Amino acid sequence: MKRTEIKEILQCTKYGTFINVKGWVRTKRASKNVAFIALNDGSTIKNIQLVVEMNPENDKILNHIHTGAALSVDGLLQESVGSGQKVDVFTKNIEVLGEANPDEYPLQPKKHSLEFLREKAHLRFRTNTFSGIARIRHSMIFGVHKFFTERGFYNIHTPIITGSDAEGAGEMFQVTTLNLSDVPKTENGEVDYKNDFFGKVANLTVSGQLEGELAALALSKIYTFGPTFRAENSNTSRHLSEFWMIEPEMAFYDLEDNMNLAEEMLKYLLKYALDNCRDDLDFLSKRLLDEEKNKKAEERSMELIEKLKFVLDNPFARVTYTEAIDILLKSKPNKKKRFQYVIKGWGDDLQSEHERYLVEKHFKRPVILTDYPASIKAFYMKQNNDGKTVRAMDVLFPQIGEIIGGSQREDNYNKLYNRIKELEISEKSMWWYLETRKFGSVPHSGFGLGFERMIQFVTGMNNIRDVIPFPRTPQNLEF
RNA sequence: GCCUCCAUAGCUCAGUUGGUUAGAGCACCUGACUGUUAAUCAGGGUGUCCGAGGUUCAAGUCCUCGUGGGGGCGCCA
């Protein structure tokens, strides 16, 4: 018989229909005359209730059914007598596809700690929390493509392996086929990369931006959505060594256009989640309330759905770096030296405690900071006429901090060339990038959105390792 | 990379100033129960107290090192 997915069954009112349902057991309850099994197949966070009549045959089968077992069940769809659900399935034939020995199966019908589940990443999809996150993550992926497609952007696949060592976004993972226990050397004693696979040093990409710019300077509006690799020794709840990044790049966009697009996209995605993932968000909201019930009232975060709606309904604050420094200099924690790093004046880099103050205490909503000092930003950013700032923008979210980093790009050949020289970046490896400023150069802008940070915000998960199925972090490569 | 905290039953955790045989809830097994909602009630026994050293008459408890994990900071998305 053809299988019907639980999501569909729960909406069906054709009582008396004979159906087949397959899935994994969440809980089993038995009494003298009847047993109940909550079955889940991942099509929705909701379970279907199986009603099993107690007879010698079923009794035998029930002994093999525990939390985690996989079943294929034929039965009658019926209006539920119980109050917890509208429909259930009165079983006629139960096949145990795969048992789950309760002495060994680690998941129970109870709350597990996220830390415990992180070490059981191969099984954690089978929990409400992680299946919910996976469904939301999918919706967000789809939402990203939908958003850009609706606006005439083209998706570009930028390379994963790069020969450019000047992307400047951080430490890189080297890619090599050289025998590391017998590395070929040149006469000078240096590694002879001529013998390596590509004949030169190769790394995993830290950003698709530079290649994205090349495409934007022909197709006008493009975006990338791919994996990104950073070999930084970062040990925080918002860093991964391997993560997914969305990088739109637009010709003829200035910083203002760039900010508008960023804000529009973030709100589009939030609305998409609210419109399409309500069941999962409701569950995650309850989870968060439960997790924070022991916290003091002032330390608790806003209820999840309320928070998403709040961000959706309010314009982001937009301030320049210079204005932000003024606000911070006048702030209580700075005057009373409550900040670990006290702001002394213009030119200081903003630490996460300062960003958090601006977002959570001062503006109480997402903040877009612009026009940072050139000295603390990347070489490719458009230089302002003041000679000291660049057209950069960071979008800061509560709890997560920087969710987007972007800028208008320097389109003037000489200015870009001089900046590259100043920072002693190898101009040889950047020849192709520089050429775009030589031929038909136009103002253009773009940004990078950390996909997992966005998922963190939408799901309310505190640790980024819980919003990607198989997190890669320093000293951690299990699964 | 730096700073901190934690590790006791399959899971979540309690275990007093170091002191006799190591404790609870859940899960599991048995029984009861007229349809339950993480069912309920009664009974059953969980163990390398993370590992290796050390201090002590005596270590789950104190010390050192190691391993694993959490949180914070930096770098960033």
Side-chain angles (χ1 to χ4, degrees), chain A residues 25-38 46-54 63 66-68 78-85 88 90 100-120 127-128 167-171 206-209 227-247 262 290 339-341 349-356 376-378 394-397 400-406 447-457 462-468 473-476 478:
Chain A
V25 174
R26 286 296 171 77
T27 60
K28 179 183 81 172
R29 296 177 288 276
S31 58
K32 195 176 183 181
N33 299 321
V34 67
F36 301 95
I37 295 170
K46 292 175 180 161
N47 303 324
I48 185 78
Q49 173 160 282
L50 307 177
V51 182
V52 187
E53 201 178 29
M54 292 304 249
N63 283 333
H66 299 92
T67 297
Q78 61 177 19
E79 193 167 11
S80 182
V81 178
S83 57
Q85 58 284 316
D88 52 31
F90 188 83
N101 182 346
D103 292 335
E104 295 173 53
Y105 187 63
L107 302 184
Q108 293 166 32
K110 60 170 275 188
K111 205 165 231 107
H112 290 284
S113 70
L114 297 172
E115 293 83 2
F116 172 73
L117 291 170
R118 224 170 274 157
E119 293 177 18
K120 302 270 180 287
T127 65
N128 286 333
E167 290 177 3
E171 291 295 311
V206 291
S207 164
Q209 181 200 318
T228 308
F229 309 89
R230 305 241 171 124
E232 300 289 346
N233 192 7
S234 299
N235 297 289
T236 80
S237 58
R238 53 186 192 286
H239 286 87
L240 291 165
S241 309
E242 176 183 289
F243 64 99
W244 292 73
M245 189 155 62
I246 296 138
E247 295 180 286
D290 193 55
F339 284 137
Q340 198 187 334
Y341 298 89
D349 206 349
L350 299 182
Q351 309 295 325
S352 55
E353 58 181 340
H354 307 128
E355 297 179 347
R356 217 174 301 134
I376 58 174
K377 287 290 178 184
D394 283 0
V395 181
L396 309 177
F397 262 33
I400 291 151
E402 189 177 344
I403 197 165
I404 279 179
F447 61 83
L449 167 71
F451 186 59
E452 283 76 16
R453 289 188 181 174
M454 182 67 187
I455 304 296
Q456 270 188 280
F457 186 74
N462 289 318
N463 197 314
I464 201 164
R465 290 161 207 188
D466 295 329
V467 297
I468 188 167
T473 53
Q475 298 299 311
N476 181 10
E478 197 67 40

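Proteins get letters first, then strands, A, B, ... in listed order; numbering begins at 1 in each. These numbers were taken from a predicted model, which means no experiment stands behind them.
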Between B:rC76 atom P and A:Ile400 atom CD1, what is the distance in whole Å? 18 Å
Could you please name the option among B:rG71, B:rC73, B:rA77 that lies closest to any side-chain atom of A:Tyr341? B:rC73
Need one value for A:Ala35: base, sugar-phosphate or nothing, where a base atom within 4.0 Å counts as base even if backbone is also close, heavy atoms only. nothing
How far apart are the closest heavy atoms of A:Gly405 and A:Asp394, and which atoms are they? CA-OD1, 3.7 Å
Return the nucleotide paired to B:rC11: Watson-Crick means purine N1 to pyrimidine N3 with N6-O4 or O6-N4, wobble means G-U with N1-O2 and O6-N3, both under 3.5 Å. B:rG25
Using a heavy-atom cut-off of 4.0 Å across all strands, would you classify A:Phe447 as base, sugar-phosphate, or nothing? nothing
A:Lys120 NZ to B:rG68 P, in whole Å, measures 15 Å
Should the heavy atoms of other residues, nucleotides or ligands under 6.0 Å from NZ of A:Lys28 be counted, would the total exceed 12? yes
Counting N and O atoms only, with roles assigned by atom type, does the side chain of A:Thr67 sit under 3.5 Å from a partner on the main chain of A:Arg26, one being a donor and the other an acceptor? yes
Side-chain N or O of A:Arg238 closer than 4.0 Å to phosphate OP1/OP2 of B:rC73: yes
Mind checking the C1' distance from B:rG54 to B:rA59? Whole angstroms is fine. 11 Å
Could you tell me whether the side chain of A:His112 has a donor or acceptor atom within less than 3.5 Å of a complementary atom in the base of B:rC11? no
With RNA chain B as reference, determine whether A:Ser352 or A:Gly405 sits nearer its 5' end, using the nearest nucleotide of each. A:Ser352
Here the distance between atom P of B:rU12 and atom CG of A:Asp290, to the nearest Å, is 15 Å
Against the side chain of A:Asp103, the closest entry in B:rG70, B:rC28, B:rG35 is B:rC28
With the side chain of A:Thr27 defined as its heavy atoms from C-beta on, choose the nearest nucleotide among B:rG35, B:rA39, B:rG74. B:rA39
Side-chain donor or acceptor of A:Glu171 paired with backbone N/O of A:Glu232 under 3.5 Å: no
May I have the distance from A:Leu396 (atom CG) to B:rC76 (atom P), rounded to whole angstrom? 13 Å
Rounded P spacing from B:rU8 to B:rC50 in Å: 6 Å
Heavy-atom side-chain proximity of A:Thr228 to A:Leu240 below 4.5 angstrom: no
State whether A:Arg453 places a side-chain N or O below 4.0 Å from either non-bridging phosphate oxygen (OP1 or OP2) of B:rC76. no
Please report the distance separating the P of B:rG31 from the corresponding atom of B:rC13, rounded so that it comes out in whole Å. 33 Å
Considering only the P atoms, how many Å lie between B:rG19 and B:rG71, rounded to the nearest integer? 33 Å
Side-chain N or O of A:Ser31 versus OP1/OP2 of B:rG35: is the shortest distance under 4.0 Å? yes
Would you measure the distance from the C1' atom in B:rG18 across to the matching atom in B:rU12 and give it in whole Å? 27 Å
Grab the CG-P distance between A:Asn233 and B:rC73 for me, whole Å please. 16 Å
Among B:rU34, B:rC76, B:rA38, the nucleotide that comes nearest once only the side chain of A:His239 is considered: B:rC76
Please determine whether a side-chain nitrogen or oxygen atom of A:Asn63 lies at a distance below 4.0 Å from atom OP1 or OP2 of B:rC29. no
Using the C1' atom as the point on both nucleotides, what is the distance between B:rA14 and B:rC49, in whole Å? 13 Å
Over all strands shown, is A:Glu452 touching base, sugar-phosphate only, or nothing at heavy-atom distances under 4.0 angstrom? nothing
May I ask you to verify if any side-chain N or O of A:Gln85 is less than 4.0 angstrom from the OP1 or OP2 atom of B:rU37? no
Return the nearest nucleotide to the side chain of A:Gln78; candidates are B:rU12, B:rG35, B:rC28. B:rG35
Are more than 12 heavy atoms from other residues, nucleotides or ligands located less than 6.0 Å from atom CD of A:Glu53? no
What interatomic distance, in whole Å, is found between P of B:rU64 and the corresponding atom of B:rA38? 47 Å
Checking B:rG74, B:rC33, B:rA77 against the side chain of A:Lys32 (C-beta onward), the nearest is B:rC33
Tell me whether the side-chain N/O atoms of A:Arg356 come closer than 4.0 Å to OP1 or OP2 in B:rC73. yes
Side-chain N or O of A:Ser237 versus OP1/OP2 of B:rG72: is the shortest distance under 4.0 Å? yes
Go through the N and O atoms of the side chain of A:Arg230 and the base of B:rA77, and report whether any donor-acceptor pair is under 3.5 Å. yes
Base, sugar-phosphate alone, or nothing: which one does A:Arg26 contact when heavy atoms must sit under 4.0 Å apart? nothing
Does A:Gly82 reach a base, just sugar-phosphate, or nothing at all? Heavy atoms under 4.0 Å. base
Give A:Leu240 one of three labels, base, sugar-phosphate or nothing, depending on what nucleic acid heavy atoms sit under 4.0 Å from its own. base
Integer-rounded Å distance: B:rG70 C1' and A:Asn463 CG: 9 Å
Quick check for you: to the nearest 0.5 Å, what is the distance between A:Glu478 atom CD and A:Lys120 atom NZ? 10.0 Å
Answer yes or no: side-chain N or O of A:Asn235 and base N or O of B:rG74 forming a donor-acceptor pair under 3.5 Å. no
Within the side chain of A:Arg230, is there an N or O that forms a donor-acceptor pair under 3.5 Å with the backbone of A:Val206? yes
Suppose we call a contact any N or O donor and acceptor under 3.5 Å apart; does that hold for the side chain of A:Ser234 and the base of B:rC75? yes
Classify A:Asn33 by what it touches in the nucleic acid, base, sugar-phosphate, or nothing, heavy-atom distance under 4.0 Å. sugar-phosphate
Heavy-atom nearest nucleotide on RNA chain B for A:Arg465 versus A:Gly450: which residue maps closer to 5'? A:Arg465
For B:rC49, the Watson-Crick or wobble partner whose two distances fall under 3.5 Å: none
With a 4.0 Å limit, can you tell me whether A:Ser113 has a side-chain N or O closer than that to the phosphate oxygens OP1/OP2 of B:rG70? no
Check: A:Gln108 side chain, B:rG10 base, donor-acceptor under 3.5 Å: yes
So, A:Phe36 and B:rG35: ring centres less than 5.5 Å apart, planes less than 30° off, yes or no? no
Measuring only the C1' atom in each nucleotide, how far is B:rG10 from B:rC29? A whole number of Å is fine. 14 Å
Side-chain donor/acceptor of A:Glu355 to backbone N/O of A:Gly401, under 3.5 Å: no
